[in-house]
Structure formats: structure tokens, C-alpha cells
There are 2 protein chains.
Amino acid sequence: MVHHGGRTGAAGGAGLDDVARLAGVSLSTASRALNNHPQVAAATRERVLAAAAGLDYVVSPDASRLAGGSSRARVAVVVPHLSRWFFGRLLEGLEVGLRGDDPRGVDQLLFLVGDVAGRRAFFEDLPARRRVDAAVVVGFEVDEAEQRRLELLGVSIVSAGGPSEPFPSVTVDDHRAGRQAVDHLVHLGHRRIGMLATLDPADRGPDRRTQAYRTALVDAGVPDDPELLVRVAFGAPGGADGMSRLLGLRRPPTAVFAYSDEIAAGAVRTLRRAGLRVPEDVSVVGIDDHPIAELLDLTTVAQPVHEQGVVAGRMVRTLLAGGEPPPSRVLPTQLVLRGTTAPPREAAP
Amino acid sequence: MVHHGGRTGAAGGAGLDDVARLAGVSLSTASRALNNHPQVAAATRERVLAAAAGLDYVVSPDASRLAGGSSRARVAVVVPHLSRWFFGRLLEGLEVGLRGDDPRGVDQLLFLVGDVAGRRAFFEDLPARRRVDAAVVVGFEVDEAEQRRLELLGVSIVSAGGPSEPFPSVTVDDHRAGRQAVDHLVHLGHRRIGMLATLDPADRGPDRRTQAYRTALVDAGVPDDPELLVRVAFGAPGGADGMSRLLGLRRPPTAVFAYSDEIAAGAVRTLRRAGLRVPEDVSVVGIDDHPIAELLDLTTVAQPVHEQGVVAGRMVRTLLAGGEPPPSRVLPTQLVLRGTTAPPREAAP
DNA sequence: GAGGGTTCCGCAAGCGCTTCCGGATCGATC
DNA sequence: GATCGATCCGGAAGCGCTTGCGGAACCCTC
């Protein structure tokens with residue numbers, strides 16, 4: 001609970017009235033001068049500007065907004081994580097897209113809703129304090145109840161890095177990305193392909209990458225073997241752990257599709273520690289084109305993370321400008337061949 | 001430029017007057033009921049609350065703030081990067097610290113000031129729109145001019161993950177961290193120790209890690225060889241590149257101290273590609289205890305990134321509560337022995 | 001040099017909310 | 001049954017700013 005006496009936040013800031021007095025004009029003229037209205041004489045404007053500068057005057061955004069003045073828009077940026085590369089990188093793009101060429105820019109309110117509690121708190125609370133003009137939901141799917149909450153709020157919503165049916169969104173086709181990865185392994189001749197899927201489906205909605213894995217195998221005529229699909233915690237340790245489990249199988253896979261590059265990195269480590277060579281003994285492919293993928297020479301399916309942010313930011317801007325809800329965009333993914341995939345050893349050349 | 005007609009952001013939101021009318025009370029009573037003032041009868045409060053709920057009433061934070069009501073505090077979070085693990089992780093901690101046990105929490109305004117332009121824009125602009133009650137500057141040092149700007153603004157400042165003299169800050173002792181890393185190499189018997197320092201000194205202020213490298217060598221009685229200090233871009237590719245340069249020397253180092261784990265990771269890659277073994281042929285040590293360090297079994301100096309955020313968040317809270325400026329805190333770093341350091345080959349056992 | 005435009009500025013009415021202050025209502029008290 | 005406190009509530013004055021409207025002052029024009 002924070003109490004604000006007088007002029008919010010400022011030490012002892014001058015008010016518009018002070019500026020007006022010093023400049024020898026009325027309050028209204030001072031206001032108009034500062035807002036660059038055309039109907040104030042250049043000389044007067046100068047005088048007001050000088051007075052404002054001299055007094056270190058700064059407008060009260062609250063009063064300004066309240067009085068119906070134009071003002072910098074506020075948008076909520078809602079993310080479940082921040083220490084994961086994907087989210088940070090996307091937010092960097094988002095900033096670019098939101099800034100656009102607008103000198104005023106947009107204020108971004110950051111909401112970290114990692115756990116269920118935080119998430120609930122956010123959706124309960126946001127509407128209760130009509131604080132934003134738009135919201136960007138990054139990397140997770142809002143459920144129906146949350147959706148209603150947001151609509152009630154009346155703000156524009158854009159979803160980035162994860163689908164969210166009713167709202168404009170910018171994503172990649174996770175199913176296709178998964179297919180690109182698994183099909184690559186299939187084409188190399190692999191038949192026994194494991195998958196390291198992630199728990200935490202809340203992060204990305206229904207796991208289309210896992211679906212892609214299944215359908216790719218069906219299409220390739222490979223008999224289904226549920227043992228080969230293991231669910232792990234997100235991150236390299238999870239991947240390492242999952243790979244161990246896969247290696248413990250009676251017939252381990254000759255290739256592994258990891259939900260993400262970080263998981264793939266963990267898998268590679270386990271393989272190396274187990275004395276297996278990558279890709280000679282086991283192939284590994286991930287998704288994201290995380291910096292670590294380049295570092296480890298990891299074959300992966302790249303997705304344009306930064307660009308998803310940029311596009312989402314731009315969508316918000318058009319929404320804010322009162323434009324039509326922009327159509328959702330699906331950005332392309334691309335297989336990046338590196339050194340962790342090769343034909344299986346037993347395969348005919 | 002966004003114009004707001006009527007009630008900001010809301011679709012067709014009801015006003016407090018509507019609530020009051022529906023509840024059959026006056027405006028003032030309605031306000032008091034919603035703000036849990038004690039002097040409104042329980043029954044009346046119920047009625048008002050019901051009316052508010054029925055009308056989906058949400059207060060206008062602008063009006064509320066303007067009228068001098070208590071309100072959720074706003075703090076600016078200023079970061080130069082977001083795709084780097086350090087910053088994301090620190091911000092996760094910051095969120096925890098800022099939230100504290102306060103159910104109302106704190107609104108975080110995110111400012112990404114990666115490039116010089118963005119940074120200037122931020123410092124020019126923030127004071128011009130007195131929008132926050134406090135600011136957290138993460139991972140870089142504000143210069144004198146910027147500092148004045150902030151003070152003029154009259155908001156409390158806290159610096160995290162990077163020292164900033166006049167403000168309360170929470171950091172690690174970068175000099176000590178550097179010493180821990182380099183001394184470790186020295187103790188192992190290394191005499192020819194290279195360093196991969198980073199460009200971009202703006203990120204972390206004067207580079208104390210590099211200073212530590214120099215003094216550690218002096219203390220060890222190792223003659224100075226400027227060739228062994230190379231500056232690289234931040235990140236793994238930079239580290240890889242720098243390591244190549246080091247390997248191109250007439251007498252390459254037997255150990256390398258990298259400014260960060262990401263740079264160290266790049267260095268390790270180059271070494272492996274060059275057919276050199278780590279740590280048998282060359283030792284490598286980094287700083288941060290980035291997740292990649294564990295993955296690569298990289299010896300490093302750990303710093304409590306998340307905790308720096310938490311502590312900074314708490315500092316802001318005490319400042320916001322009107323408390324004394326809390327003393328700066330220096331959190332401990334710790335050498336984490338892993339598999340990339342060993343005595344040099346020629347060293348006596 | 002009077003009529004008609006322009007240009008520029010001040011008055012005052014709010015934006016939606018909070019809170020001071022005084023008044024009404026009611027039960028308890030002597 | 002009149003008096004005194006509590007207890008609750010309403011009236012009204014702003015918070016600091018924007019903007020519609022009308023009024024001065026000014027420059028043209030015929």
C-alpha cells in the first residue's frame with residue numbers, strides 16, 4: 001500500500017499551473033503549448049517550453065490520461081518464464097515491434113506468471129484494475145475461463161509463440177516443425193526413433209510436436225512403441241535424464257527427437273558420457289535453433305523467435321491504432337543440418 | 001498517439017457512480033465500501049460489493065491515483081538485454097523480491113535499453129513522464145549524466161547485477177570472482193594463462209574481472225604478456241573466435257579464463273575442434289554458473305543470479321515503503337570445480 | 001474606415017475518483 | 001424523555017490536466 005501525496009512520485013515537482021504563471025499565460029495555453037497544439041503562437045510556445053524546462057516540469061500521466069488526453073499506451077506482456085532463451089529473445093523482438101517508429105513508444109507492463117498461482121493471480125487481478133490497453137500473451141495458451149476474463153476486460157489481446165484460438169496470434173507451426181525433425185531422421189533411414197517430450201504442456205498448449213512425432217512414425221510405417229516416448233522436465237538436465245532412460249531400454253533408439261534444443265543438449269551429454277558417439281551411434285535432433293545448438297553443432301529445426309516478437313508487437317500496434325484485428329500469422333520453420341544426425345549404423349548406405 | 005474516450009480501455013465499463021446508484025448509496029460511500037474503510041456498515045458494504053460485481057465494475061487507476069488514493073506502485077525495470085540468461089534469471093528473482101508478500105504487488109514497467117540510442121531515449125524520456133515510483137537498473141552502470149536525470153526525477157533507484165555508486169545496489173564482487181577463477185588456475189600450476197575478455201564494457205561497468213586477471217598474474221609473479229588478453233564479442237561465437245586467436249599465438253596459453261561461461265563454452269568448442277583436449281591440454285574456467293556450465297562440465301565461478309534479483313526487489317520495497325535507503329549488498333561467489341580445469345601437462349605433479 | 005476573417009488566448013467544465021467535514025440516525029445513559 | 005456518543009452516510013471540494021467555446025485583438029478587403 002503506497003500513498004501518494006501531492007504530485008505522484010516527484011520530489012516536489014512543479015505543476016502546470018506554475019509553468020503557466022511563470023510563462024505568463026493561462027493554464028489552457030500552457031497545456032496546449034506543451035502538447036504542440038497548432039493554435040498557440042510560436043513565441044508563446046517557446047516561452048512556455050522554456051518555463052517548463054526551467055521548472056523541471058513533468059506532466060502527470062495520471063491526470064493527463066484522466067482528462068482524456070492522448071497518452072502513451074500501456075500493454076501487458078505476460079510470460080511464464082524469463083530465464084529461458086526463447087522467452088527473452090521473443091521479448092527483445094516484441095520490444096522492437098511495439099516501439100515501431102513511434103517516438104512515444106509503448107509502455108510495457110511485465111507480468112511473470114510462471115506458476116499456476118501467479119497465473120491465476122494475474123488473470124483475476126488484471127481486469128480488476130483496468131490498467132492496460134492491450135496484452136500480449138507469450139508462449140502459452142490461455143484457457144477458456146482466462147479468455148473470458150480478458151474479453152470482459154475489453155483490451156486487445158495478441159498471442160505470440162503459442163496459439164490461442166480466439167486471438168490474433170503469431171506462431172510457428174509446431175506440428176510441421178516436428179515433422180521436419182522426425183522426417184529428417186526417417187529419411188536418413190532411422191526406424192527406431194525416440195522422443196524426449198516435455199512435461200509442462202501448459203507452456204505451449206497441446207503438444208503438437210509430440211503429435212507430429214507420432215504421425216510421422218505412422219506415416220513411415222514404423223510400429224508404435226510407447227516405450228520410446230519419454231516425458232522429461234524442460235531443460236538440459238531433463239534431456240540428460242530422459243536419454244538415460246532411453247538407453248536403459250532393451251532396444252534403445254538409433255535416433256532421438258528432442259522437444260527443444262536444450263533437452264537435446266542434455267541428451268547429447270548423456271550419450272557422450274555413455275561412450276556413444278553422436279551421430280555415428282545415435283542421432284539427435286532438436287527444435288528452436290537455440291544458441292546452444294550452434295555451439296554443440298546440433299541439428300535442429302530453426303524457428304524465428306525474434307521475428308515472432310516483432311510481428312506480435314506490430315499486431316498490437318495496429319490493434320491499438322484502432323485497426324481491424326490482424327490475421328494470425330504462422331512463421332516458417334526450417335531444418336538446420338548440423339553434425340548430430342546421420343544414417344543409422346546398420347542402415348544400407 | 002492513442003486517444004481514450006470515456007473510461008480508459010474498458011469496453012463500456014460502469015463507473016463508480018453507476019455502482020453507487022445501483023447500491024442505493026452515495027458516491028462516497030461506494031468508494032469507501034470498495035476500499036474497505038471501516039466506517040461503512042457491513043450490510044452496506046455487501047450491497048456495494050454486489051453491485052460492483054454485477055456491473056463488472058473496475059476502478060480507474062488513473063483517477064484513483066490522481067485523487068490521492070493509495071495504489072499499486074510502479075517500478076521501472078531497466079535492462080540492456082533479455083536473451084541472455086543472466087538478465088532473464090535475475091528478472092525472475094526480481095519479480096519474487098518485488099512481489100514479496102504484498103497481495104497487491106508492484107507493477108513492473110519493462111525498459112529494454114540495449115543500444116546506446118535506446119538507453120539515451122530512456123533516460124531522456126523517463127523523467128519527462130513521471131511514470132514510476134522507483135527504478136531498478138540491471139547489469140550496467142549509469143553514467144553521471146544519467147544519474148542526474150534519475151535524481152531529478154526523484155524516484156528511488158536500485159542497481160542490480162552491476163555496481164552503481166550512488167545508489168543502493170546488490171552485486172557480486174566481480175574482482176573477487178575473477179581472482180577465484182584465475183587463482184584456481186595459478187594454484188593448479190598454470191603460468192601461461194590467457195583471458196577472453198568481452199567488449200561492450202558498457203554492460204558491466206569497468207571490467208573488474210579483467211583487472212582481477214591482471215592482478216592475479218602479478219601476484220603470482222607471472223610476467224605480463226598482453227598478447228594473452230584478447231577481447232571478444234559476448235557469447236559463444238565470440239569465445240570460439242577468441243580462442244582461435246589465442247591458439248594462433250607462438251606460445252599459446254595452457255589455461256584460459258573466460259569472462260563468462262558462454263564465452264568459455266565457445267572456447268571449449270574451438271579447443272575440441274582443434275584436436276586439443278580439455279583439460280589435459282588446455283584448462284578453461286568461466287564465470288556465472290550458467291546452465292551451460294553444468295552441461296559442458298565447465299569449471300566456473302558461480303554467482304547467485306536469482307538471489308541478486310530477489311534482494312534488489314526487496315530493497316525496492318523498503319524504499320517504496322519509505323524506509324531508509326538500504327545498504328548495498330555484495331553477494332558471495334563460489335568456485336565450482338568441474339571437469340575443464342587440471343594442472344598443466346608440463347607441470348611437476 | 002467599417003465589416004468580416006484569422007489568430008490566439010482565457011474561462012470553465014469536466015475526467016473518475018478520494019476524503020474532509022458535518023449532519024442524520026440510533027441506541028444507550030442519567 | 002432529553003442528552004450525549006457512536007456510528008454511518010452524503011455533500012462537496014478537489015487531484016492535475018485537457019478541451020469546447022467564446023471573446024480579444026489583429027490583419028485584410030472593398
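Note that this is a predicted model, so its numbers are computed, not measured. Numbered from 1 within each chain, the chains take letters A, B, ... in sequence-line order. Heavy atoms only: backbone and side chains are in, while hydrogens, waters and symmetry mates are out.
Dashed line: the shortest gap from a side-chain N or O of B/Thr44 to OP1 or OP2 of D/dC9 is under 4.0 Å. Here A/Ser64 reaches the OP1 or OP2 of D/dT18: one of its side-chain N or O atoms lies under 4.0 Å away. Between C/dT18 and B/Ser31, a contact under 4.0 Å exists linking OP1 or OP2 to a side-chain N or O. Contact annotation: B/Ser26 reaches the phosphate of D/dG10 (side-chain N/O to OP1 or OP2, under 4.0 Å).
Listed nucleotides D/dC17, D/dG10, C/dG10 differ in distance to B/Thr29; the shortest reach to its side chain belongs to D/dG10. Comparing C/dC9, D/dC17, C/dT18 against the side chain of A/Leu16 picks out D/dC17 as the nearest. Of all nucleotides listed (D/dG10, D/dC17, D/dT19), D/dT19 comes nearest to the side chain of A/Ser28. In the set C/dC9, D/dT18, D/dC15, the nucleotide with an atom closest to the side chain of B/Ala67 is D/dC15.
Between the side chain of B/Arg45 and the backbone N or O of B/Val40 there is at least one donor-acceptor pair closer than 3.5 Å.
A donor N or O paired with an acceptor N or O is found under 3.5 Å between the base of D/dG20 and the side-chain atoms of A/Arg32.
Counting only heavy atoms from C-beta outward, the side chains of B/Leu109 and B/Val75 never approach each other to under 4.5 Å.
Distance, A/Leu27 CG to C/dC15 C1': 15 Å, rounded to whole Å.
Between A/Arg74 and B/Asp62 a salt bridge is recorded (basic side-chain N to carboxylate O distance below 4.0 Å).
More than 12 non-hydrogen atoms from other residues, nucleotides or ligands lie less than 6.0 angstrom from CZ of A/Arg317.
Nucleotides of DNA chain C nearest to B/Ala30 and A/Gln39 differ in position, and the one nearer the 5' end is that of A/Gln39.
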